[in-house]
Amino acid sequence: DRRYPQLRAQGVVRGTPDEVLAVLLDVPAYRQWVPDCAEATMLRRIGARRSLIYALTDLPWPVLDREAVIDQEVFLVRAPTLLRVEFRAVPAPEVPRAIDTLRTEFAEGSYTIEALDVGRSRVTYRVDADPGGHVPDWLVELQIRRNPLETLAGLRRQLEETRSR
């Protein structure tokens, strides 16, 4: 009875959980690896492991771009070998809306990062979202098929590019 399914992807990457976490916490770099990310800005930190992020997603014309204010928190499940980054959209009326966008009201998900051996980790990406407004069926189908895989592929590329930094 849902228009949008929950998405999940899992893959093995070269990198420790800490290295993966470093990529996930580098908010301005999201534009380099997160599919369709047109803008990502850290709005503020809320404690040591939690932050508020603004993200703008570029969608094909004539669909309006989507923006979201994301509350992101890091959980040290079994540090340093098992970490989880959870995120969810929050209303944040104090953050001005961009022109010609819709604000995503419901989105939640996580990245679970588990060390497999020295230098390799399993990453499980999960997202459940409703972008709101009208989204044509062809775009829904395209996002369902490509978002989870491109997100993990982008994460893998970003890990390779930033490994020595």
Side-chain angles (χ1 to χ4, degrees), residues 1-10 17-77 83-113 123-137 139-159 161-162:
D1 62 336
R2 298 170 52 112
R3 175 160 161 85
Y4 305 102
Q6 295 179 20
L7 305 177
R8 180 177 174 269
Q10 188 174 73
D18 285 339
E19 290 171 326
V20 176
L21 182 61
V23 170
L24 296 176
L25 296 180
D26 185 4
V27 175
Y30 285 7
R31 293 182 335 158
Q32 298 169 11
W33 67 273
V34 175
D36 306 317
C37 181
E39 182 181 340
T41 306
M42 170 76 70
L43 296 174
R44 73 174 184 268
R45 292 213 177 273
I46 308 167
R49 294 191 192 120
R50 194 168 156 212
S51 54
L52 205 60
I53 298 166
Y54 174 83
L56 177 65
T57 302
D58 181 29
L59 295 176
W61 183 87
V63 179
L64 288 175
D65 291 345
R66 297 306 194 265
E67 66 174 8
V69 177
I70 305 294
D71 184 344
Q72 176 176 279
E73 188 168 2
V74 176
F75 293 90
L76 309 174
V77 179
L83 311 174
R84 187 171 53 253
V85 177
E86 294 183 1
F87 56 89
R88 65 182 177 86
V90 294
E94 72 280 8
V95 177
R97 296 176 99 159
I99 297 171
D100 294 330
T101 66
L102 279 180
R103 181 150 304 168
T104 299
E105 295 180 10
F106 175 76
E108 63 182 26
S110 64
Y111 291 90
T112 302
I113 312 151
V123 177
T124 303
Y125 167 65
R126 182 188 63 78
V127 66
D128 185 9
D130 182 339
H134 173 70
V135 179
D137 290 343
L139 184 55
V140 171
E141 288 298 317
L142 176 66
Q143 293 291 15
I144 289 169
R145 295 188 193 304
R146 73 182 262 276
N147 180 280
L149 296 177
E150 285 190 15
T151 298
L152 284 185
L155 176 62
R156 187 175 284 135
R157 281 191 312 273
Q158 192 69 4
L159 277 163
E161 290 177 19
T162 61

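Among residues two or more places apart in sequence or in another chain, the salt bridge (charged side-chain N to carboxylate O under 4.0 Å, His left out) test is passed with E105 by none. With sequence neighbours left out, R50 forms a side chain to side chain donor-acceptor pair (under 3.5 Å) with D71.
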Distance-only donor-acceptor hits, side chain of residues 25-34, under 3.5 Å, sequence neighbours excluded:
residue: Y30; atom: OH; partner: L24; partner atom: O; Å: 2.5
residue: Y30; atom: OH; partner: Q72; partner atom: OE1; Å: 3.3
residue: Q32; atom: OE1; partner: Q158; partner atom: NE2; Å: 3.1

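Judged purely by atom type and a 3.5 angstrom limit, R66 uses its side chain to pair as donor or acceptor with the backbone of G132. The backbone N or O of L59 sits less than 3.5 Å from a side-chain atom of D65, completing a donor-acceptor pair.
If you take OG1 on T41 and CD1 on I70, they are separated by 12.5 Å, rounding to the nearest 0.5 Å. We find the NE2-CG distance between H134 and L139 to be 9.0 Å, quoted to the nearest 0.5 Å. Distance check: Q10 CD to T112 OG1 gives 9.0 Å after rounding to the nearest 0.5 Å. Once rounded to the nearest 0.5 Å, the distance linking CG of D100 with CG of L64 reads 6.5 Å. Rounding to the nearest 0.5 angstrom, the gap separating the CZ atom in R45 from the CG atom in L52 is 11.5 Å. To the nearest 0.5 Å, the span separating CG on N147 from CD1 on I144 amounts to 10.0 Å.
Among the candidates V85, L83, V123, the single residue satisfying the side-chain contact (heavy atoms from CB on, under 4.5 Å) test with V20 is V123.
For R103 and E67, the salt-bridge test passes: some basic side-chain N is under 4.0 Å from an acidic carboxylate O. Ionic pairing of R88 and E86 is not present here: no N-O contact between side-chain nitrogen and carboxylate oxygen is shorter than 4.0 angstrom.
The environment of R49 atom CZ is sparse: at most 12 non-hydrogen atoms of other residues, nucleotides or ligands sit within 6.0 angstrom.
The closest side-chain heavy-atom distance from T151 to Y111 is below 4.5 Å.
Taking the six-membered ring where tryptophan is involved, the planes of F87 and Y125 are essentially parallel, since the angle between them stays under 30° and well short of 60°.
Contact detail for D58 and A38: the closest heavy-atom pair is CB-CB, 4.0 Å. The two residues G133 and Y4 have their closest heavy-atom pair at O-OH, 4.4 Å.
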- [ ] Check the pair D36, R146 against side-chain contact (heavy atoms from CB on, under 4.5 Å), reporting the backbone distance first and the verdict last.
- [x] CA-CA 11 Å; D36 306 317; R146 73 182 262 276; 2.8 Å; yes
